J.: 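Sharing a structure, written as structure tokens. Questions coming.
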Amino acid sequence: MSPRQTVLVVDDDPKIRVRLCQCLEGGGYVVIKAADGAGVRAAFAAGAPDLVTLDLNLGADDGLDIGRDIRRTHDVPIMMLTGKNDVIDRVVGIEIGADDYLVKPFHVREVLARVRSLLRRSTARGALPLPASAASQDTLDLDGFAVDLDRMLLIERDGGVCDLTTADFKLLAAFVNNAKRPLSRDRLMDLIDVPEWPPRDRMIDNQVARLRKKIERDPACPRLIKTVRGVGYMLTEQATPRDQRVVSTL
């Protein structure tokens, strides 16, 4: 029997911690609780969890800073919990590498469903090497990468699985599905289904920069994702169906 996955619940509200713990434990997960940054550091020192739910409003501690600290050293999925009016925090949270967000008040069953979904994706991304049978029939080739839209996987040129957050992959999928068409920042925001952001916010620019670092041969001189002056960005190559015999060699 495989070991149960571990979820770290970070929230300074004891009532919310209890609700989340009861729901996640009922779903079969081992739950660790933390109320602040010190608790998070102690939890990771004892062993990295498989996923973190992170409240951004932690009183004296800044949830965004905690998220940055986690992302610097760990690739665990992060699901942010935010207030209704924390639009800027949600945007920044996605920029620093959070995989999902949920607005309070929320139903704990929705948290459980999203946790399960994130952990499935994380497990798929971490399956190295990727067996040939894991590639879906709709795998596409993009400049030597294998893009599996069904399973949200990006398989690198050397056969490894590229570590993309959910936001990263949604942006990549938006480009793949609209290749060779200039896309404005507003259109990209619609396609990746991210909450509204303040005027002049550079979320898309930052997300594109992150994605370029992962897929461009030279991110300083991008060839795949070009800037279209006065418009936005464009994927310059059309992803093509990938021969399954090629995929099987990865």
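Given the structure is predicted, the values throughout are model-derived calculations rather than measurements.
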J.: Can you name the closest pair of heavy atoms from Ala34 and Gly39 and give their distance?
T.: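 Ala34 and Gly39 have their closest heavy atoms at CB-C, 3.6 Å.
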J.: Apply side-chain hydrogen bond (donor to acceptor under 3.5 Å, both in side chains) to Glu110 and list each qualifying residue two or more places apart in sequence or on a separate chain.
T.: Arg114
J.: Between Cys221 and Asp218, is there a side-chain heavy-atom distance shorter than 4.5 Å?
T.: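 Counting from C-beta outward, Asp218 and Cys221 do come under 4.5 Å.
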J.: State, yes or no, whether a side-chain contact exists between Leu142 and Leu235 at a heavy-atom distance under 4.5 Å.
T.: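 Yes - at least one pair of side-chain heavy atoms lies under 4.5 Å apart.
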J.: What pair of heavy atoms forms the shortest contact from Val176 to Ala239, and how long is it?
T.: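 Heavy atoms of Val176 and Ala239 come nearest at CG1-CB, 3.9 Å.
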J.: Give the C-alpha distance, both sets of side-chain angles, the deciding distance and a yes or no for side chain to side chain contact (heavy atoms under 4.5 Å, CB included) between Val10 and Leu54.
T.: CA-CA 5 Å; Val10 185; Leu54 176 62; 3.8 Å; yes
J.: Of all the heavy-atom pairs spanning Cys23 and Leu112, show the shortest one and how long it is.
T.: SG-CB, 3.8 Å
J.: Show your working on side chain to side chain contact (heavy atoms under 4.5 Å, CB included) between Val208 and Ile204 and close with a plain yes or no.
T.: CA-CA 6 Å; Val208 168; Ile204 284 295; 4.1 Å; yes
J.: Do Tyr101 and Leu56 have side chains that get closer than 4.5 Å, going by heavy atoms?
T.: no
J.: Would you please name every residue forming a salt bridge (charged side-chain N to carboxylate O under 4.0 Å, His left out) with Glu25, sequence neighbours left out?
T.: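 Not a single residue meets the salt bridge (charged side-chain N to carboxylate O under 4.0 Å, His left out) criterion with Glu25.
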J.: If hydrophobic clusters are built by linking Ile, Leu, Val, Met, Phe, Trp and Tyr wherever their side-chain heavy atoms come under 4.5 Å apart, do Leu191 and Ile215 end up in the same one?
T.: yes
J.: Got a sec, which residues hit side-chain hydrogen bond (donor to acceptor under 3.5 Å, both in side chains) with Asn178, two or more places apart in sequence or on another chain?
T.: Arg181
J.: If a pair satisfies salt bridge (Lys or Arg N to Asp or Glu O under 4.0 Å) and one of its residues is in residues 29-38, list it, with sequence neighbours excluded.
T.: none
J.: Under a 4.0 Å N-O cut-off, is there an ion pair linking Asp99 with Arg71?
T.: yes
J.: Quick one: closest heavy-atom pair of Leu154 and Phe169, and the distance?
T.: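 In this case the closest contact between Leu154 and Phe169 is N-CE1, 4.1 Å.
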J.: Mind checking salt bridge (charged side-chain N to carboxylate O under 4.0 Å, His left out) for Asp143 and listing every partner two or more places apart, or none if nothing turns up?
T.: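 Here the qualifying residues are Arg157, Arg217, Arg223.
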J.: Supply the atom-to-atom distance Asn206 CG to Leu211 CG, rounded to the nearest 0.5 angstrom.
T.: 12.5 Å
J.: Are Leu172 and Met234 linked, directly or through intermediate hydrophobic residues, by side-chain heavy-atom contacts shorter than 4.5 Å (ILVMFWY only)?
T.: no
J.: Mind jotting down which residue pairs meet the salt bridge (Lys or Arg N to Asp or Glu O under 4.0 Å) criterion with at least one end in residues 11-21? Sequence neighbours excluded, please.
T.: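 Passing the test, one end in residues 11-21: Asp11-Lys104.
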J.: Between Ile78 and Ile70, does the side chain to side chain contact (heavy atoms under 4.5 Å, CB included) criterion hold? Intermediate values first, please.
T.: CA-CA 9 Å; Ile78 300 174; Ile70 294 173; 3.9 Å; yes
J.: At what distance, to the nearest 0.5 angstrom, does CZ of Arg116 lie from CG of Leu24?
T.: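 That separation rounds to 9.0 Å.
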J.: Which residue is it: Val76, Leu8, Val115, Thr6? I am looking for the one with a side chain to side chain contact (heavy atoms under 4.5 Å, CB included) to Asp50.
T.: Thr6
J.: Can you tell me how far CD1 of Ile192 sits from CG of Leu171, rounded to the nearest 0.5 angstrom?
T.: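 Separation between the atoms: 5.5 Å.
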J.: Decide yes or no for Lys214 and Asp168: does some side-chain heavy atom of the first lie under 4.5 Å from some side-chain heavy atom of the second?
T.: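 They are in contact (side-chain heavy atoms under 4.5 Å apart), so the answer is yes.
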J.: Scan the side chains in residues 224-231 for donor-acceptor partners under 3.5 Å anywhere in the protein, sequence neighbours excluded, and list what turns up.
T.:
residue	atom	partner	partner atom	Å
Lys226	NZ	Pro222	O	3.3
Thr227	OG1	Arg212	NH2	3.1

J.: Under the rule for salt bridge (charged side-chain N to carboxylate O under 4.0 Å, His left out), what residues qualify as partners of Arg109, not counting sequence neighbours?
T.: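 Residues passing salt bridge (charged side-chain N to carboxylate O under 4.0 Å, His left out) with Arg109: none at all.
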J.: Quick check for you: to the nearest 0.5 Å, what is the distance between Leu102 atom CG and Asp55 atom CG?
T.: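 Between atom CG of Leu102 and atom CG of Asp55 there are 11.0 Å.
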J.: Considering non-hydrogen atoms only, spot the tightest contact between Leu58 and Ala35 and give its length.
T.: CD2-O, 4.0 Å
J.: Can you run down the ring-ring contact (aromatic ring centres under 6.0 Å, His included) pairs that involve residues 42-82, sequence neighbours left out, and say none if there aren't any?
T.: Phe44-His74
J.: Could you state the interatomic distance from CE (Met80) to CG (Asp100), rounded to the nearest 0.5 Å?
T.: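 Between Met80 CE and Asp100 CG, I get 8.0 Å after rounding to 0.5 Å.
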J.: What residue pairs, at least two apart or across chains, pass ring-ring contact (aromatic ring centres under 6.0 Å, His included) with a residue in residues 13-33?
T.: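 Counting only pairs at least two positions apart or across chains, no ring-ring contact (aromatic ring centres under 6.0 Å, His included) contact touches residues 13-33.
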J.: Taking the side chain as everything from C-beta on, heavy atoms only, tell me whether Val7 gets closer than 4.5 Å to Thr53.
T.: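 Sidechains of Thr53 and Val7: in contact.
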J.: Distance check, rounded to the nearest 0.5 Å: Lys180 atom NZ versus Thr236 atom OG1?
T.: 8.0 Å
J.: Determine the minimum heavy-atom distance between Ala146 and Thr139, stating which atoms define it.
T.: CB-CG2, 3.8 Å
J.: Report the residues that fulfil side-chain hydrogen bond (donor to acceptor under 3.5 Å, both in side chains) with Asp69, sequence neighbours left out, ordered by chain and then residue number.
T.: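 So Asp69 forms a side-chain hydrogen bond (donor to acceptor under 3.5 Å, both in side chains) with Arg72.
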J.: Should side-chain heavy atoms under 4.5 Å link Ile, Leu, Val, Met, Phe, Trp and Tyr, which residues sit in the same cluster as Val30?
T.: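 Same cluster as Val30: nobody, lone residue.
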